[in-house]
Amino acid sequence: MKIDRLIGILSILLQKDSVTAPDLAERFEVSRRTINRDIEDLCKAGIPIVTRQGVGGGISIMDNYRIDRTLLSHTEMQDILAGLRSLDSVNGTNRYGKLMEKLSAGSSDFFVGDQSVLIDLSSWYKESLAPKIELIRTAIDARKELIFRYYSPNGESDRCVEPYYLIFRWSSWYVWGWCKKREDFRLFKLNRMENVRLSGGTFEKRDAGLPDLTDERIFPGGIKVKALFEPECKWRLIEAFGPDCFREQDDGMLLFQADYTDREHLLTWLITFRDKVIVLEPEEIRAQIRECAERMIRRYDAGEEHGTLAARRSGAGSVEN
């Protein structure tokens with residue numbers, strides 16, 4: 001990508017007294033004409049670059065700009081490299097690893113020493129996620145519409161979206177774009193998108209701005225939950241909500257309070273604790289959990305009485321070694 005190359009050229013110019021256009025062209029695997037255009041773009045961005053012809057000539061940054069060579073500290077550069085490595089963990093292309101090799105070639109204390117920050121953004125769905133990310137990036141760069149099948153709590157539907165941002169938030173990947181079905185900007189979770197492809201249509205960029213992805217905006221709350229958890233559940237509560245989400249009672253039980261947005265997600269989460277939790281408020285959540293437990297009992301009783309359990313029909317339980 002051009003932005004990667006511009007960053008690489010600027011880094012080299014900040015590290016070395018002078019470099020030739022053929023050297024840069026070879027290092028970044030592009031033509032000399034492309035390097036000349038890149039130098040022009042850096043000049044337009046306000047970087048005072050000087051080119052000298054003839055023997056001993058080359059490309060350099062003006063001497064009075066040398067004071068800014070330490071613009072990035074060792075720690076700051078290491079953080080940048082950790083971020084680049086994290087992107088390689090999801091795209092599966094080693095694109096950013098190659099960029100780091102180009103940046104580190106020939107000098108710089110920035111690249112010396114062990115990395116203390118390692119970020120892995122990959123998931124169980126890496127095999128299906130990486131192609132989606134690459135396709136969405138292509139669509140964003142080329143202003144091409146995306147079409148896909150989307151699965152949500154309200155059902156499934158076919159969508160056509162003008163993509164603007166690829167976002168990693170709340171431990172998952174999302175695409176933010178203008179949904180032609182809803183005629184509004186929407187956030188789509190990549191793991192819920194199936195058969196993602198380019199529609200063939202292009203779009204004019206809208207005045208989108210950066211999406212407001214604060215928790216208060218996306219998850220406004222509204223469901224005040226109060227529940228008692230067994231002491232052995234403490235680690236899960238801390239992992240999900242932090243150590244201030246409960247008060248330990250005299251009998252060791254944990255009085256939990258939180259503000260929830262998604263009713264279905266809340267019910268699913270509470271049920272995973274099985275008999276280790278008692279919901280105190282709100283009453284409608286208590287009633288729904290009770291109804292769910294009763295339906296489960298009836299289903300299992302019916303299975304025992306009529307022998308219709310799928311596991312029995314298929315002979316589950318007999319395993320060949």
Side-chain angles (χ1 to χ4, degrees), residues 1-117 119 133-144 163-166 202-205 208 210:
M1 293 177 65
K2 182 174 181 178
I3 186 63
D4 296 339
R5 193 171 62 251
L6 291 175
I7 293 173
I9 292 172
L10 180 57
S11 177
I12 291 171
L13 292 176
L14 287 170
Q15 298 168 32
K16 306 185 72 172
D17 291 333
S18 180
V19 65
T20 66
D23 286 342
L24 290 175
E26 181 179 358
R27 181 169 295 178
F28 291 97
E29 301 174 357
V30 295
S31 67
R32 183 171 176 175
R33 179 174 295 181
T34 298
I35 292 297
N36 290 335
R37 287 198 295 264
D38 289 341
I39 296 301
E40 291 178 6
D41 289 339
L42 289 172
C43 290
K44 291 176 182 178
I47 307 298
I49 296 176
V50 177
T51 59
R52 297 179 177 84
Q53 303 296 324
V55 178
I59 304 168
S60 61
I61 294 180
M62 290 179 61
D63 290 340
N64 61 2
Y65 195 75
R66 300 299 174 91
I67 189 173
D68 291 330
R69 286 176 181 266
T70 57
L71 181 63
L72 294 176
S73 68
H74 176 84
T75 300
E76 290 169 337
M77 196 63 180
Q78 295 296 334
D79 288 343
I80 291 174
L81 299 184
L84 292 176
R85 285 192 178 92
S86 73
L87 292 175
D88 267 342
S89 70
V90 292
N91 64 23
T93 63
N94 198 32
R95 173 190 300 143
Y96 296 98
K98 293 178 180 178
L99 171 61
M100 285 187 292
E101 291 177 4
K102 294 174 182 177
L103 292 179
S104 61
S107 62
S108 190
D109 293 337
F110 286 143
F111 298 87
V112 176
D114 296 331
Q115 290 291 307
S116 59
V117 179
I119 305 171
I133 290 175
E134 285 300 298
L135 182 62
I136 292 170
R137 289 188 62 179
T138 298
I140 292 173
D141 292 341
R143 299 280 180 253
K144 291 184 177 295
Y164 285 87
Y165 295 101
L166 188 62
T202 59
F203 61 91
E204 294 294 326
K205 186 176 180 180
L210 291 173

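FYI, side chains are in, hydrogens and waters are out, and symmetry mates aren't considered; it's all heavy atoms of this structure. Numbers here are sequence positions counted from 1.
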Approximate separation, where rounding is to 0.5 Å, of I136 CD1 and T138 OG1:
10.0 Å
Can you name the side chain to side chain donor-acceptor pair (under 3.5 Å) partners of T20, sequence neighbours left out?
D23
If you take all heavy atoms of P163 and K144, which pair is closest and at what distance?
CD-O, 3.4 Å
Could you state the interatomic distance from CG (L24) to CG (N36), rounded to the nearest 0.5 Å?
9.5 Å
Between the CD1 atom in I39 and the OG1 atom in T51, the distance rounded to the nearest 0.5 Å is 8.5 Å
Tell me the closest heavy-atom pair linking S18 and G57, and the distance in Å.
OG-O, 4.0 Å
Nearest 0.5 Å, please: how far is CD1 in I49 from CG in L42?
4.5 Å
Taken to the nearest 0.5 Å, the spacing of F28 CZ from D38 CG works out to 8.5 Å
Do the side chains of I35 and I9 get nearer than 4.5 Å, heavy atoms only?
yes
K205 NZ to I140 CD1 distance, which is reported to the nearest 0.5 Å:
10.5 Å
Flag the pair R27 / V19 as yes when at least one side-chain heavy-atom distance between them is below 4.5 Å, and no otherwise.
no
Name all residues meeting the side chain to side chain donor-acceptor pair (under 3.5 Å) criterion together with R143; count only those two or more places apart in sequence or in a different chain, and write none if there are none.
none
